[in-house]
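As the structure is a prediction and not an experimental result, all values here were calculated from the model. Naming: A, B, ... by sequence-line order, numbering from 1 per chain.
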Amino acid sequence: MNEKNTGGKNSPAESSSLNFIEQFIEEDIREGKNDGRVHTRFPPEPNGYLHIGHAKAICLDFGSAERFGGKCNLRFDDTNPMKEETEYVDSIKEDIHWLGFDWEDREYYASDYFDKLYDFAVDLVKRGLAYVDDQNSEQIAAQKGTPTKPGTESPFRNRSVEENLDLFTRMKAGEFNEGTRVLRAKIDMASPNMHMRDPVIYRIVNRAHHRTGNKWHVYPMYDFAHGQSDYFEGITHSLCTLEFEVHRPLYDWLVDRLRTGDYRPRQIEFNRLNLTYTVMSKRKLQELVEEKLVSGWDDPRMPTISGLRRRGYTPESIRNFVKTIGYTKVEAINDFALLEHAVRNDLNAKAPRVFAVLDPVKLVITNYPADKEEEMELVNNPEDESMGSRKVPFSNELYIERNDFMEDPPRKFFRLGPDREVRLKGAYIVKCTGYDKDEETGKIEKIYCEYDPDTKSGGPAANRKVKGTLHWVSVKHAVDAEVRQYDRLFNHEDPMGQKGHDYKEFLNPDSLEVLRNCKLEPSLADVKPLDKFQFQRLGYFCADKKSEPGKPVFNRTVPLRDTWGKMSKK
RNA sequence: UGCUUCGUGGUGUAACUGGCAACACGUCUGACUCUGAAUCAGAAGAGUCCAGGUUCGAGCCCUGGCGAAGCAACCA
């Protein structure tokens, strides 16, 4: 298909193509750290659907492991029973597989480690490194200080080990109400790093967990679960986004108090993915779903994996996109055009070409016998001969695109107009001899043409030059369809970054246009969901999941590049 | 008046242990074309946040500024 390597089975390549994280990994291997092992993990919280930002993380976690001959675990970070659900677990697994990655039998859950985590917490208490605090969250927050002012110590900080043990045991047993007590690590209330000021490591939650049910009344915080889970699984490189940079000292502090040998996981942070004209936080996406501003997590306008899939994006296009944007520590906003380029590039090679008229107007060929029909042979994909060809029925009445005709066209308009000639792709050259117009609305009702029999594709006069080539669909053979044309969800490049404005103010009112009177060539009657095509001269389209035999529904993935569209706007 | 991190064309990334700033997208030309697509050829566009310093030579090293982001959830 092309000369690019598709990101599958690479051997450790020349270091020039390694990103900064892979360079670290390579160094660690060279220095023999952790016996030269490479073992990563992708740790989603099952509280929402995955988006393309997660795809970036997935490609790194699975990709770098693969690159260095290591493994990558899937681990659900399910330490908060208030927000997590099995529905999300299933969608996450589906999305990762769809992207082309596999965790084999290594599907883990932070909740698998609740017992070990609890034991470790007890151990910290016994070592005088953790204590139960009876204060509420407001009081604790007040003592925390601010980034510029040190905190003050809790009055409960120096309880006896026995009392701490007793209290923590009773917290676990469910003797106390939520919010009445927490377990805190005893580190340093004056640390310049807020996360080291005696962080809360266990809180009381009286709520069933999606996997452990009602077994627990205390649940570990993220910081008390993540690094230790890495440690339990033998993870060597724990890759996460920049905002966790300040957590790293705590990560290391805990791992150092847990480990018994030389092995230790290393956390490395990279920049998260931002895209223009969209939002990327799970919370914001959830808001769009809950407030019905989109049709669901898999609305084709959503930057979710499931949304992009439904929109018609291919896994390869997403992986290639991720490869081109790279991994750094700079907070960047990527141009949406880069993503669009990635799909066009992939679909150009793969998608069969077909004829679809989205905004039809009738064209009658007056000198073509009304009872005649021909089958025109059309190439399925000029980029790939192996995709063969198909027959498309032709007759005297056709649909063409309404905007392919102008009553009074400018000279640069290469399409149909009075007395003008165009090529009907794969068929004949026709000349416009007249048209009907509804004088009241100004709407063109019908266009009349004459064809030249010698100009049939492959025929004697087929090489005659005409300015334009149009796609068409035979009226009597046409299949009716609904086509949804999508545009960017927001009409501002950076909807989140506008001070004093809610991002929802920037929702694009025209992000969805539903066309219900589309005419397709007959080969498209029975498409299956996710089938992808290039509607010739228009763009790439993908059959929607709700598409049914005889009643196709298509989503526009991305339009073709449109030089004329740009010219005509000027 | 803290800590951490970052600062290369419009956007995103490169530039091995210092050697005349490269690639992709986007933009604009032109060629070709039975998709105004794709393809091909070419152009414009940064002197690397600023100021000093080291050096024959600095985007890379040093010093000092300036700017931006993250950090004060019993979220992850």
Side-chain angles (χ1 to χ4, degrees), chain A residues 14-17 19 43-45 47 77-80 82-84 133 136-137 140-142 144-151 178-184 191-197 200-205 218-219 221-223 225-226 240 242-249 269 271 276 282-283 324-342 344-345 348-349 353 355 378-379 382-383 412-415 422-427 429 455 457 462-471 493 534-539 559-568:
Chain A
E14 63 284 18
S15 67
S16 64
S17 65
N19 62 51
E45 182 188 14
N47 68 340
D77 224 327
D78 57 349
T79 56
N80 186 354
M82 312 287 285
K83 309 201 300 190
E84 294 147 8
D133 196 327
N136 60 38
S137 56
I140 292 177
K144 201 109 191 182
T146 70
T148 51
K149 285 184 212 97
E178 284 181 16
T180 56
R181 264 170 256 258
V182 291
L183 185 71
R184 293 227 253 167
S191 170
N193 183 329
M194 298 293 287
H195 297 277
M196 299 299 270
R197 322 241 261 229
V200 172
I201 56 178
Y202 262 95
R203 78 286 214 187
I204 299 170
V205 181
V218 288
Y219 291 89
M221 300 289 292
Y222 163 83
D223 283 309
H226 200 90
C240 61
L242 255 22
E243 65 270 29
F244 292 100
E245 205 145 28
V246 285
H247 291 243
R248 194 175 350 122
E269 310 84 12
N271 63 346
T276 54
K282 236 193 253 180
R283 215 189 117 244
T324 53
I325 62 171
Y327 299 86
T328 67
K329 305 198 74 160
V330 184
E331 292 190 45
I333 303 182
N334 296 277
D335 195 335
F336 203 86
L338 225 51
L339 217 208
E340 294 191 324
H341 173 262
R344 286 199 188 100
N345 198 39
N348 177 49
R353 273 59 170 169
F355 286 166
L378 272 298
V379 171
E383 307 285 327
K412 296 274 242 171
F413 186 76
F414 297 161
R415 309 176 188 181
V422 292
R423 151 84 51 193
L424 294 175
K425 188 173 172 68
I429 292 175
T455 58
S457 295
N463 290 330
R464 221 169 86 206
K465 297 292 175 203
V466 287
K467 352 174 175 184
T469 302
L470 308 188
H471 60 280
E493 262 196 16
Q534 184 197 94
F535 286 2
Q536 203 103 129
R537 303 209 303 132
L538 299 175
L560 251 29
R561 289 188 67 222
D562 183 10
T563 314
W564 166 246
K566 275 178 207 156
M567 284 171 62
S568 57

Partner lookup for B:rU4, please. Criteria are Watson-Crick or G-U wobble with both distances under 3.5 angstrom; report none if nothing qualifies. B:rA69

What interatomic distance, in whole Å, is found between P of B:rC50 and the corresponding atom of B:rU11? 15 Å

With sugar-phosphate meaning primed atoms plus P, OP1 and OP2, does A:Arg423 contact a base, only sugar-phosphate, or nothing at under 4.0 Å between heavy atoms? base

Glycosidic torsion of B:rG47 (syn if within 90° of 0, anti otherwise) classifies it as syn

Provide the distance between the two P atoms, one in B:rG2 and one in B:rA43, to the nearest whole Å. 50 Å

Pairwise P distance, B:rC56 and B:rG18 [rounded to whole Å]: 15 Å

Would you call the rings of A:His195 and A:His247 parallel, tilted or perpendicular, where under 30° means parallel and over 60° means perpendicular? tilted

On RNA chain B, does the nearest nucleotide to A:Met194 precede the nearest nucleotide to A:Asp223 from the 5' side, or the other way round? Give the residue. A:Met194

Which whole number of Å gives the distance between the C1' atom of B:rA46 and that of B:rC62? 25 Å

In Watson-Crick or G-U wobble terms, with both distances under 3.5 Å, the base opposite B:rA24 is B:rU11

Using OP1 and OP2 only, check whether a side-chain N or O of A:Asn345 sits under 4.0 Å from B:rA38. no

Rounding to a whole Å, what distance do you find between A:Lys465:NZ and B:rG36:P? 13 Å

Nearest-Å distance, CG (A:Leu560) to C1' (B:rU39)? 13 Å

Taking side chain as C-beta onward, heavy atoms only, is A:Arg203 less than 4.5 Å from A:Glu178? no

Answer with base, sugar-phosphate or nothing: what part of the nucleic acid does A:Arg415 contact at a heavy-atom distance below 4.0 Å? base

Distance between the C1' atoms of B:rG45 and B:rA21, in whole angstroms? 13 Å

Can you name the nearest heavy-atom pair linking A:Asn271 to A:Gly326, along with the distance? OD1-O, 4.4 Å

Nucleotide opposite B:rU55 in a Watson-Crick or G-U pair, distances under 3.5 Å: none

Is any side-chain nitrogen or oxygen of A:Arg561 closer than 4.0 Å to OP1 or OP2 of B:rU27? yes

By the 4.0 Å heavy-atom rule, please label A:Arg248 as base, sugar-phosphate, or nothing. nothing

Identify the nucleotide, in any strand shown, that forms a Watson-Crick or G-U wobble pair with B:rA38, with both distances under 3.5 Å; if there is none, say none. none

Heavy atoms only, 4.0 Å cut-off, all strands: where does A:Thr79 land among base, sugar-phosphate and nothing? sugar-phosphate

Could you tell me how far apart A:Lys566 (NZ) and B:rG26 (C1') are, to the nearest whole angstrom? 8 Å

For atom NE2 of A:His226 and atom C1' of B:rA76, their distance in whole Å: 10 Å

Between the side chain of A:Asn136 and the main-chain N/O of A:Gly179, is any donor-acceptor distance below 3.5 Å? no

Quick check: does any side chain N or O of A:Arg423 sit under 3.5 Å from a backbone N or O of A:Ala462, one acting as donor and the other as acceptor? yes

For B:rG36 and A:Arg537 - does any side-chain N or O of the residue sit under 4.0 Å from the phosphate oxygens OP1/OP2? yes

Among the nucleotides B:rC74, B:rC34, B:rU13, which one has an atom lying closest to any side-chain atom of A:Asn136? B:rC74

How far does the P atom of B:rG30 sit from the matching atom of B:rA44, given to the nearest Å? 16 Å

Does the side chain of A:Thr563 get closer than 4.0 angstrom to OP1 or OP2 of B:rA37 through an N or O atom? yes

Quick one: look up who B:rG64 pairs with, Watson-Crick or G-U, both distances under 3.5 Å, and put none if it's unpaired. B:rC50

Once you apply a heavy-atom cut-off of 4.0 Å, does A:Ile333 come out as touching a base, just sugar-phosphate, or nothing? sugar-phosphate

Can you check whether A:Tyr222 stacks with the B:rA76 base, using ring centres under 5.5 Å and planes within 30°? no

Between B:rU5 (P) and A:His247 (NE2): distance, integer Å: 15 Å

Nearest-Å distance, CD (A:Glu243) to C1' (B:rA68)? 16 Å

Between A:Arg353 and B:rA37, does any side-chain N or O lie under 4.0 Å from OP1 or OP2? no

Distance-only, no hydrogens or angles: does the A:Lys412 side chain make a donor-acceptor pair with backbone N or O of A:Met567 under 3.5 Å? no

Considering every strand and a 4.0 Å limit on heavy-atom distances, what is the contact class for A:Phe244: base, sugar-phosphate, or nothing? base

Toward the 5' end of RNA chain B, which comes first, A:Phe414 or A:Thr276, by nearest nucleotide? A:Thr276

Touch check for A:Pro150, heavy atoms < 4.0 angstrom, all strands: base, sugar-phosphate only, or nothing? nothing

Value rounded to 0.5 Å, distance of CG in A:Asp335 from CD1 in A:Ile325: 12.0 Å

Between B:rA24 and A:Thr324, is there an OP1 or OP2 to side-chain N/O distance shorter than 4.0 Å? no

Mind checking if A:Phe413 touches a base, just sugar-phosphate, or nothing, with heavy atoms under 4.0 Å? base

So what does A:Lys425 hit on the nucleic acid, given a heavy-atom distance under 4.0 Å: a base, only sugar-phosphate, or nothing? base

If you measure from the C1' atom in B:rA22 to the same atom in B:rC61, how many Å do you get, rounded? 23 Å

Could you walk me through whether A:Lys425 and A:Phe355 pass side chain to side chain contact (heavy atoms under 4.5 Å, CB included), step by step? CA-CA 10 Å; A:Lys425 188 173 172 68; A:Phe355 286 166; 3.8 Å; yes

Test item: A:Arg184 and A:Ile140 side chains (from C-beta on) under 4.5 Å apart, heavy atoms: yes

Mind checking if A:Gln534 touches a base, just sugar-phosphate, or nothing, with heavy atoms under 4.0 Å? base

Please tell me which of the listed nucleotides, B:rG12, B:rU35, B:rA76, lies nearest to the side chain of A:Thr469? B:rU35

Once you apply the 3.5 Å cut-off to both distances, tell me the Watson-Crick or G-U wobble partner of B:rU17, or none. none

Using the C1' atoms only, state how far B:rG9 lies from B:rC3, rounded to an integer number of Å. 34 Å

Would you classify A:Glu45 as touching base, sugar-phosphate or nothing, given that sugar-phosphate means primed atoms plus P, OP1 and OP2, and contacts are heavy atoms under 4.0 Å? sugar-phosphate

Quickly work out the A:Glu245 CD to B:rG2 P distance and round it to whole Å. 19 Å

Describe the nucleic acid contact of A:Gly426 in one word from base, sugar-phosphate, nothing, applying a heavy-atom distance below 4.0 Å. base

Mind checking the CZ-CG spacing from A:Arg353 to A:Leu538? Nearest 0.5 Å is all I need. 12.5 Å

Please state how far atom NE2 in A:His195 lies from atom C1' in B:rA73, giving the value in whole angstrom units. 10 Å

Counting any heavy atom closer than 4.0 Å, what does A:Met221 reach on the DNA or RNA strands: base, sugar-phosphate only, or nothing? sugar-phosphate

So what does A:Asn348 hit on the nucleic acid, given a heavy-atom distance under 4.0 Å: a base, only sugar-phosphate, or nothing? sugar-phosphate

By nearest atom, which of the nucleotides B:rU11, B:rC74, B:rA76 is closest to the A:Asp335 side chain? B:rU11

